[in-house]
Protein chains: 2
Amino acid sequence: MTRHVELVQALRRSGHRLTPQRESVLTVMAENAQHLTAEEILARVRARYPYLNKSAVYRALALLTELGLVNQTDLGRGRVEYELHRHPHHHHLICRRCQQMTQIDHALLATLGEKLARDFGFQADLDHFAIFGTCKKCQTRASKHSKRHSH
Amino acid sequence: MTRHVELVQALRRSGHRLTPQRESVLTVMAENAQHLTAEEILARVRARYPYLNKSAVYRALALLTELGLVNQTDLGRGRVEYELHRHPHHHHLICRRCQQMTQIDHALLATLGEKLARDFGFQADLDHFAIFGTCKKCQTRASKHSKRHSH
DNA sequence: GTCTCTAATGCAACGAGTCGCAATAAGGAA
DNA sequence: TTCCTTATTGCGACTCGTTGCATTAGAGAC
């Protein structure tokens with residue numbers, strides 16, 4: 001509830017209008033701490049505001065992302081996932097083989113952010129990173145299988 | 001030309017068939033060192049093999065990516081861009097405001113890769129990273145503009 | 001060269017997300 | 001409270017990329 005008020009204020013402060021469409025997206029985001037797809041958000045929003053158009057949802061999410069209130073990440077599942085901006089940041093290691101996802105701490109990326117700022121004056125959005133690769137289990141699995149493929 | 005032969009061999013070695021569709025995608029990739037969108041690849045491929053289906057191109061690109069011969073990156077322009085895997089790797093800093101793109105050296109990400117390997121046994125694909133954020137110029141521009149938005 | 005197996009293609013339908021434009025409504029001004 | 005400006009919405013059409021399935025064609029075996 002407090003979070004919801006905060007979000008509404010941030011919207012108003014940045015000079016944007018508060019529409020029922022935006023407000024309901026905001027409410028849904030504030031109520032769900034975990035990643036949501038646009039489709040899930042649309043479904044939940046329609047529970048309280050039934051005839052809401054999908055473009056409005058996408059546009060609301062784009063605006064919230066621009067304002068830094070929401071993170072928008074492609075976690076490799078064929079659709080983008082949205083989440084309220086959390087403190088401290090966190091990131092994900094995603095295995096391309098088994099899809100397993102490990103959450104990692106922001107500290108691991110902080111050094112990189114500092115280096116980019118120092119060397120290039122570039123302020124990187126390292127809010128919610130998805131790093132793809134191969135997990136420990138799948139690496140050992142892969143080395144066994146590679147023998148078969150030799151034909 | 002040598003690069004093209006290498007690619008064909010890698011395909012065969014991994015147990016996949018060499019079709020004219022795949023070969024023409026390979027040829028186009030080998031001839032163009034820079035980023036290409038799927039649409040550009042399709043256009044160039046059709047110059048030599050006119051009735052090629054777009055699914056075949058997408059599937060060929062997906063296979064080449066899986067084999068590590070091609071990098072596939074979303075550089076924030078609304079479509080994915082493809083490029084032959086280059087050594088040494090390189091990455092991009094992309095400004096969300098002005099779209100300016102700076103190429104950076106792999107060395108900056110190498111430490112991160114090592115940390116992830118050490119701490120999690122995770123082998124990250126840090127081949128061709130797109131890091132979004134705000135460039136130096138746009139940061140100073142933004143601080144000026146923020147006064148206007150205070151209403 | 002011919003046969004056979006099955007990987008790969010072509011096609012058409014689909015899904016996520018975007019865009020242009022006319023209609024609507026938020027919210028400041030009077 | 002009413003008016004006015006213009007940001008925002010709804011809608012339908014569109015784009016990029018994916019998928020299921022019947023058909024085609026690589027390439028190893030004979």
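Atom set for the values below is all heavy atoms of this structure, side chains included, hydrogens, waters and symmetry mates excluded. In what follows, chains carry the letters A, B, and so on, assigned in the order in which the sequence lines appear, proteins first and then strands, with residues in each chain numbered from 1.
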When A:Tyr82 and B:Leu11 are each assigned the nearest nucleotide of DNA chain C, the 5'-most assignment goes to B:Leu11

Separation between NE2 of B:His4 and CD of B:Glu23, rounded to the nearest 0.5 Å
4.0 Å

How far does CG of B:Asn71 sit from CG of B:Leu61, to the nearest 0.5 angstrom?
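That separation rounds to 12.0 Å.
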
Atom-to-atom span, [atom1] of [X] to [atom2] of [N] - whole angstrom:
X	N	atom1	atom2	value
A:Gln72	C:dA16	CD	P	15 Å
A:Tyr51	C:dA25	OH	C1'	20 Å
A:Leu64	D:dT8	CG	C1'	14 Å
A:Leu61	D:dT9	CG	P	11 Å
B:Glu23	D:dA25	CD	C1'	15 Å
B:Leu18	C:dT9	CG	P	10 Å
B:Arg59	D:dT24	CZ	P	16 Å
B:Leu52	C:dA8	CG	P	15 Å

Considering all heavy atoms of both residues, which atom of [X] and which atom of [Y] are nearest to each other, and what is their separation?
X	Y	answer
B:Cys95	B:Cys135	SG-N, 3.4 Å
B:Leu108	A:Leu112	O-CD1, 3.5 Å
B:Ala107	A:Lys115	O-NZ, 4.5 Å

Need one value for A:Ser55: base, sugar-phosphate or nothing, where a base atom within 4.0 Å counts as base even if backbone is also close, heavy atoms only.
base

B:Arg17 near the nucleic acid: base, sugar-phosphate alone, or nothing, with a heavy-atom cut-off under 4.0 Å?
base

Examine A:His87 together with A:His106 and report whether their ring centres are nearer than 6.0 Å.
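No, the ring of A:His87 stays outside the 6.0 Å limit from the ring of A:His106, centre to centre.
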
Establish, yes or no, whether a centroid distance under 6.0 Å links the rings of A:His128 and A:His90.
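Yes, close enough.
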
Can you check whether [X] has a side-chain N or O nearer than 4.0 Å to OP1 or OP2 of [N]?
X	N	answer
B:Gln21	C:dG10	yes
B:Arg79	D:dT15	no
B:Asn53	C:dC11	yes
B:Arg12	D:dG28	yes
A:Tyr58	C:dG17	yes
A:Thr19	D:dT9	yes

Should we count CD of B:Glu39 as having more than 12 external heavy atoms under 6.0 Å?
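Counting neighbours around CD of B:Glu39, 12 or fewer heavy atoms of other residues, nucleotides or ligands fall under 6.0 Å, so no.
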
Mark yes or no for a side-chain to base donor-acceptor pair under 3.5 Å between A:Lys54 and D:dG10, with no hydrogen or angle criteria applied.
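Between D:dG10 and A:Lys54, which were checked side chain against base, a qualifying N/O pair under 3.5 Å is absent.
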
May I ask you to list the residues of residues 33-47 of chain B, by number, that have any heavy atom positioned under 4.0 Å from an atom of DNA chain D?
B:Ala38, B:Glu39

